[in-house]
Amino acid sequence: MGMSIPYVLSGRTRQKSRTRDALIDATRQLIAEGLTPTVEDAAAQAGISRTTAYRYFSNQRAILIAAHPEIERKSLLGANPSRDPAERLGAVLDEFFRIMLETEPQLRMALRLSLEHGSAPNDNSLRRGRAVGWIEDALAPLAGKLSKQEIRKLALAIRSAAGIEALVWLTDVGRLSRAQAVEIMRSSALALLSVAVGDRKRQR
């Protein structure tokens, strides 16, 4: 038996793509309002029938996953970036934080879903972020000074200190403003870079 073709890819694909996008946009609007929308909620918001909506998303989790922001950019560095790792990292962090704050409701929702009891440990549908790659791009001039493995380890350390998880803790638990949280995340990330470079110099 052959594999079944997803509904959105069979016939009238442009119209179906517009309908799917409308449902996702409606879901994001509802999430931004502090709701945890169901397929029916998104359908009502988008002015689409429930029957039609369920052809695209079989359950609430599926539509919430689809609403997770997917940023396709391979680099957050602008044209003619600096060759200084600290300046490059600072520029990437500034753009990363802008994106994070702009999509915070969806990122919070995705984080909550990823922590739900019963979520498959190997399910990467809610962990599609590109932040580590963006950070590695910023650290590229360190090649030759740090090994590939060391750069990867540093990028992971920086990401652990600067991301939606840290933002949630700093604002919800630490009771800081978002501006204060961003300042702490940025300074922590740059401090990790400074320590990593300093440690390598001392080892020589």
Side-chain angles (χ1 to χ4, degrees), residues 13-14 17-18 20-22 24-29 31-32 65-111 114 124-171 176-204:
T13 54
R14 289 185 180 179
S17 181
R18 287 194 295 269
R20 184 178 186 276
D21 289 344
I24 292 174
D25 288 343
T27 302
R28 288 173 175 166
Q29 290 171 20
I31 291 173
I65 288 174
H68 183 266
E70 181 72 8
I71 310 300
E72 298 295 342
R73 293 165 61 182
K74 294 182 178 180
S75 174
L76 296 187
L77 292 169
N80 302 315
S82 169
R83 293 298 298 169
D84 179 78
E87 291 181 7
R88 290 167 65 96
L89 180 58
V92 165
L93 289 172
D94 289 343
E95 180 63 4
F96 176 49
F97 293 147
R98 184 194 67 77
I99 294 171
M100 182 169 60
L101 293 177
E102 188 176 273
T103 60
E104 182 182 349
Q106 298 100 292
L107 292 174
R108 280 177 172 265
M109 180 69 66
L111 177 61
S114 71
N124 293 317
S125 58
L126 291 166
R127 294 185 287 274
R128 299 174 296 178
R130 297 182 179 273
V132 173
W134 292 334
I135 294 168
E136 287 181 319
D137 183 37
L139 302 178
L142 291 176
K145 299 178 181 178
L146 300 179
S147 69
K148 185 176 180 180
Q149 292 75 18
E150 288 172 327
I151 291 176
R152 178 69 175 182
K153 183 178 179 180
L154 176 57
L156 290 171
I158 291 171
R159 172 59 183 84
S160 72
I164 186 61
E165 305 86 356
L167 179 69
V168 169
W169 194 93
L170 289 168
T171 55
L176 298 180
S177 68
R178 277 159 181 75
Q180 291 171 324
V182 164
E183 182 181 356
I184 286 179
M185 289 188 291
R186 194 179 195 279
S187 63
S188 296
L190 290 171
L192 285 167
L193 170 60
S194 178
V195 169
V197 174
D199 284 348
R200 175 44 62 98
K201 288 181 178 179
R202 285 192 289 273
Q203 291 172 11
R204 292 179 176 178

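Predicted model, so just to flag it, every value in this text is computed and none were measured.
With sequence neighbours excluded, the residues forming a side chain to side chain contact (heavy atoms under 4.5 Å, CB included) with E102 are R98, listed by chain and number.
For the atom pair CZ of F96 and CD1 of I135, the computed distance is 6.5 Å after rounding to the nearest 0.5 Å. Note: L154 CG to Q149 CD = 13.0 Å, rounded to the nearest 0.5 Å. Atom CG of L139 sits about 5.0 Å away from atom CD1 of I158, to the nearest 0.5 Å. For the atom pair CD1 (I65) and CD1 (I24), the distance works out to 11.5 Å, reported to the nearest 0.5 Å. The CG atom of L146 lies 11.0 Å from the NZ atom of K153; values are rounded to the nearest 0.5 Å. Atoms CD1 and CZ, from I31 and R108 in turn, are 13.0 Å apart once rounded to the nearest 0.5 Å.
A181 approaches T171 most closely through the heavy-atom pair CB-CG2, 4.0 Å. Closest non-hydrogen pair, A189 versus L89, comes out as O-CD2, 3.9 Å. For G90 against L190, the heavy-atom pair with the smallest separation is N-CD2, 4.3 Å. Nearest approach of L192 to A161, heavy atoms of both residues: CD1-CB, 4.1 Å.
Inter-residue side-chain proximity for M185 and V182 is flagged as met; some heavy-atom pair is nearer than 4.5 Å. With a 4.5 Å cut-off on side-chain heavy atoms, L107 and M100 count as touching. Considering only heavy atoms from C-beta on, L176 comes within 4.5 Å of I184 through its side chain. Contact check for S160 versus L156: no side-chain heavy atoms found under the 4.5 Å cut-off. Contact check for P85 versus L193: side-chain heavy atoms found under the 4.5 Å cut-off. Side-chain contact between D137 and R88 is present, with at least one heavy-atom pair separated by less than 4.5 Å.
The pair E165-R159 meets the salt-bridge criterion, since a charged nitrogen lies less than 4.0 angstrom from a carboxylate oxygen.
Looking only at distances, no side-chain donor or acceptor of R28 sits under 3.5 Å from a matching main-chain atom of P105. Side-chain atoms of T103 do not come within 3.5 Å of backbone N or O of Q106 as any donor-acceptor pair. Between the side chain of S187 and the main chain of E183, a donor-acceptor pair closer than 3.5 Å is present.
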message: Please determine whether side-chain contact (heavy atoms from CB on, under 4.5 Å) holds for the pair L101 and E104, giving the CA-CA distance in whole Å, both sets of side-chain angles, and the decisive distance to 0.1 Å.
response: CA-CA 5 Å; L101 293 177; E104 182 182 349; 4.1 Å; yes

- request: Begin from the C-alpha positions of L111 and V168 and carry the test side-chain contact (heavy atoms from CB on, under 4.5 Å) through to its verdict.
  value: CA-CA 10 Å; L111 177 61; V168 169; 4.2 Å; yes

task: Let me see the working for V132 and R152 under side-chain contact (heavy atoms from CB on, under 4.5 Å), right down to the final yes or no.
output: CA-CA 8 Å; V132 173; R152 178 69 175 182; 3.2 Å; yes

